[in-house]
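Accompanying notes for the structure given below.
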Amino acid sequence: MSVRVRFAPSPTGFLHVGGLRTALYNYLFARHHKGTYVLRIEDTDRTRLVENAVENLIKSLKWAGIDYDEGPGKGGDYAPYIQSERLSIYKEYADILHKKGAAYYAFDTTEEIDEMRKRNPGESFTKYDRTSMKNEYTLGEEESKKMVDSGTSYVLRLKVPDSTTVVFDDLIRGKVEVSTNEIDDQVLMKSDGFPTYHLANVVDDHLMKITHVIRGEEWLPSTPKHVLLYHAFGWEKPLFAHLPLLLNPDKSKLSKRQGSVAVEDFASEGYFSDAIVNFVALLGWNPSSDREIYTIDELIESFDIEKVNKGGAVFDRAKLEWMNFQYLKLMPANELADILTPILEAKGITGFQTEYLEKVINLFRERIKFVKEIPEIAGYMFSSPQDFEQEYLEKHWKGNTVEILEPLLDKYKATGDFSHSALYELTKSYIEGLGKKLKEIIHPIRLMLTGKSAGAGMFETMEVLGKDECIKRIEEFIKIKETGKI
RNA sequence: GGCCCCAUAGACUAAUGGUUAGGUCAUCAGCCUUUCACGCUGACAGUAGCGGUUCGAAUCCGCUUGGGGUCACCA
């Protein structure tokens with residue numbers, strides 16, 4: 001039988017990185033087994049509708065390079081893939097459950113339920129009390145039918161059998177057992193006619209012929225309810241695999257507060273999708289070799305759901321940055337220039353050729369983790385420096401600096417070769433001819449051209465800046481220095 | 001609190017009964033050097049604890065401790 005998996009997020013407005021990892025593992029599993037990947041939207045909570053949430057979700061998945069075979073916008077044999085468009089299906093299956101006696105109507109108000117829970121405050125676990133509340137059993141079948149027909153608000157609850165044990169196998173965790181005494185008579189159909197997650201999820205997974213349910217660990221406690229539902233319907237259940245959680249540094253479930261958590265935020269912060277995918281893939285699993293960087297095809301090739309770890313994994317942003325840097329180092333300059341251009345434009349820097357941007361990128365790519373850092377640390381590549389580091393100036397600008405500089409400036413003016421190697425030779429032989437060391441002149445030059453103590457190689461920087469610009473900056477600096485303004 | 005899940009260095013992980021417990025991030029040091037980085041080399045640092053099974057345990061079992069998740073007409 002061919003593998004069919006699904007990623008079934010609820011449209012909360014954005015894709016959480018934890019969701020991305022779940023989506024990714026499903027994707028890797030599907031592709032590894034040459035199976036089918038389904039995207040299904042679980043929007044059965046109409047109180048939490050968020051505008052454009054589905055579009056955003058799909059956009060983020062697409063950004064990450066995770067494409068699905070069936071789902072919203074694509075269709076498929078089991079459409080629709082948005083649960084709010086499948087209401088009549090759930091109603092139909094809810095009725096089947098009711099007819100089988102596996103579920104029953106209940107008429108309690110929210111207040112009555114609250115009160116029931118308050119009744120035994122010392123109790124460790126408050127289960128819906130089928131024998132004392134307002135439902136089909138206490139009211140009688142006839143009365144209850146009358147109420148339903150007359151339009152009284154009601155829900156459908158799962159009749160959980162007493163004192164039996166639900167057992168299922170988890171691909172990652174092995175055998176899991178839970179006593180039904182610990183399982184509540186879960187609401188399956190809400191009073192607004194929408195199904196709860198539990199019903200919709202089971203019905204859809206069955207109807208869509210899902211073979212493996214791969215989802216976050218937070219679903220583990222409700223899986224027994226789902227197993228009960230499969231059993232009640234007389235359906236074969238899929239295989240389950242509950243993924244370990246992604247954690248904050250304090251080990252709690254990954255959330256905002258301690259940094260971005262939305263995939264779109266990582267994108268706008270300048271992370272590369274390949275880096276995020278690579279990083280997230282290795283949180284909870286790895287191909288067991290001594291390597292960190294993998295292409296998506298390599299991940300697909302070696303993915304093994306049974307080798308996924310059981311314990312939660314802290315989302316370490318420092319390592320993510322390092323990962324991003326690994327990709328930045330290797331990325332073609334023209335692609336990075338395409339990223340740089342709008343960043344510069346946003347700062348009002350325009351009019352530079354792509355070729356020039358590529359040179360700047362190559363100068364700085366090993367000194368940054370994000371492209372957006374370039375205008376921050378190397379603004380002088382786009383206009384003359386306005387500020388000069390005071391401490392750097394005081395340390396390297398001596399009384400005789402101008403004296404030493406002027407003949408060198410003439411040599412720069414005279415040379416036809418402004419390549420970094422030629423500049424190096426020229427500068428070196430000149431300064432050594434004076435019995436001085438190269439570094440004695442390099443720092444003043446760096447100061448005049450960049451205003452900063454830190455930067456790329458001096459002669460490489462000069463080559464990219466170009467002869468005219470370098471000469472202009474040096475002359476300007478000397479002039480201003482003479483006025484005493486610096 | 002009940003139930004469920006989990007436990008290799010600060011973090012991510014490898015090792016599925018036999019290794020000096022390996023790799024990566026972070027941290028620290030040295031080298032390189034033209035500043036800052038990169039890179040290279042090295043260092044620090046781990047099987048939560050206690051029992052048991054076994055010739056042999058990070059690995060299997062039990063208990064303890066610790067952490068997390070979950071207990072809605074939310075998913």
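Order of the sequence lines fixes the chain letters, A, B, ..., with proteins taken first and strands second; residue numbering starts at 1 for each chain.
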Of the listed nucleotides (B:G2, B:G68, B:G23), which one gets closest to any side-chain atom of A:E217? B:G68
Are the ring centres of A:Y230 and A:H206 closer than 6.0 Å? no
Can a side chain N or O of A:R117 be found less than 4.0 Å away from OP1 or OP2 on B:A72? yes
Would you classify A:E321 as touching base, sugar-phosphate or nothing, given that sugar-phosphate means primed atoms plus P, OP1 and OP2, and contacts are heavy atoms under 4.0 Å? nothing
Which residues pass the salt bridge (charged side-chain N to carboxylate O under 4.0 Å, His left out) test with A:E432, sequence neighbours left out? A:K428
Charged tip of A:R21 within 45° of A:Y25 ring normal and under 6.0 Å: yes
Roughly how far apart, to the nearest Å, are B:C36 and B:A21 at atom C1'? 38 Å
Point-to-point distance, once rounded to the nearest 0.5 Å, from CG of A:L409 to CD1 of A:I474: 5.5 Å
For the side chain of A:K190, counting heavy atoms from C-beta on, which of B:C4, B:C74, B:C12 is nearest? B:C74
Considering only the C1' atoms, how many Å lie between B:G46 and B:U8, rounded to the nearest integer? 6 Å
Among B:C3, B:A26, B:C12, which nucleotide has an atom closest to any side-chain atom of A:E182? B:C3
Partner nucleotide, any strand, of B:A15 [Watson-Crick/G-U, under 3.5 Å]: none
Give the nucleotide from the list B:C73, B:C12, B:G69 with an atom nearest to the side chain of A:T196. B:C73
Examine B:G69: is either OP1 or OP2 under 4.0 Å from a nitrogen or oxygen in the side chain of A:K251? Give yes or no. no
Return a single string for nucleotides 35-49 of chain B, one symbol per nucleotide in 5' to 3' order, where B is base contact, S is sugar-phosphate-only contact and - is none, cutoff 4.0 angstrom on heavy atoms. BBBSS----------
Could you tell me the Watson-Crick or G-U partner of B:G62, where both distances fall under 3.5 Å? Say none if there is no partner. B:C50
Assign each of A:V187 and A:K319 to its nearest nucleotide of RNA chain B by heavy atoms, then name whichever residue's nucleotide is nearer the 5' end. A:K319
If the threshold is 4.0 Å, N to carboxylate O, is there a salt bridge linking A:K118 and A:D114? no
Give A:T44 one of three labels, base, sugar-phosphate or nothing, depending on what nucleic acid heavy atoms sit under 4.0 Å from its own. sugar-phosphate
Atom CG of A:L447 and atom P of B:U34 are separated, to the nearest Å, by 19 Å
Could you let me know what B:G69 is paired to, Watson-Crick or G-U wobble, both distances under 3.5 Å, or none if it's on its own? B:C3
If you measure from the C1' atom in B:U20 to the same atom in B:G10, how many Å do you get, rounded? 24 Å
Would you please name every residue forming a ring-ring contact (aromatic ring centres under 6.0 Å, His included) with A:F315, sequence neighbours left out? A:F266, A:F279
Tell me if the OH atom of A:Y412 is crowded by more than 12 foreign heavy atoms within 6.0 Å. yes
Working to the nearest 0.5 Å, report the span between CG of A:N135 and OG of A:S144. 8.5 Å
Of the nucleotides B:A7, B:C12, B:G69, which one has an atom closest to the side chain of A:K253? B:G69
If B:G42 has a Watson-Crick or G-U wobble mate with both distances under 3.5 Å, name it; if not, just say none. B:C28
Could you tell me how far B:G49 sits from B:U59 if I compare only their P atoms? Round to whole Å. 10 Å
A:F194 near the nucleic acid: base, sugar-phosphate alone, or nothing, with a heavy-atom cut-off under 4.0 Å? nothing
Excluding sequence neighbours, so at least two apart, what forms ring-ring contact (aromatic ring centres under 6.0 Å, His included) with A:F168? A:F240
Output the single nucleotide from B:C74, B:G69, B:C25 whose closest atom is nearest the side chain of A:D316. B:C25
When only distance counts, do a donor and an acceptor, one from the side chain of A:S191 and one from the base of B:C73, lie under 3.5 Å apart? yes
Partners meeting side-chain contact (heavy atoms from CB on, under 4.5 Å) with A:D387 (sequence neighbours left out): none
Determine the Euclidean distance between corresponding P atoms of B:U27 and B:G22; express it in Å to zero decimal places. 22 Å
Protein N or O to nucleotides 14-16 of chain B N or O, pairs below 3.5 Å:
| from | atom 1 | to | atom 2 | distance (Å) |
| --- | --- | --- | --- | --- |
| B:A14 | OP2 | A:N309 | ND2 | 3.3 |
| B:A15 | OP1 | A:K307 | NZ | 3.3 |

A:Y128 six-ring face occupied by A:R157 cation (under 6.0 Å, within 45°): yes
P-based separation of B:G23 from B:C40 [nearest Å]: 14 Å
Rounded distance in Å between the P positions of B:C5 and B:G62: 12 Å
Given the structure, check if the side chain of A:R48 and the base of B:C74 hold any donor-acceptor pair shorter than 3.5 Å. yes
Mate of B:U20 where both pairing distances stay under 3.5 Å, Watson-Crick or G-U: none
Rounded distance in Å between the C1' positions of B:A37 and B:C32: 12 Å
Any side-chain N or O of A:K225 under 4.0 Å from OP1/OP2 of B:C71? no
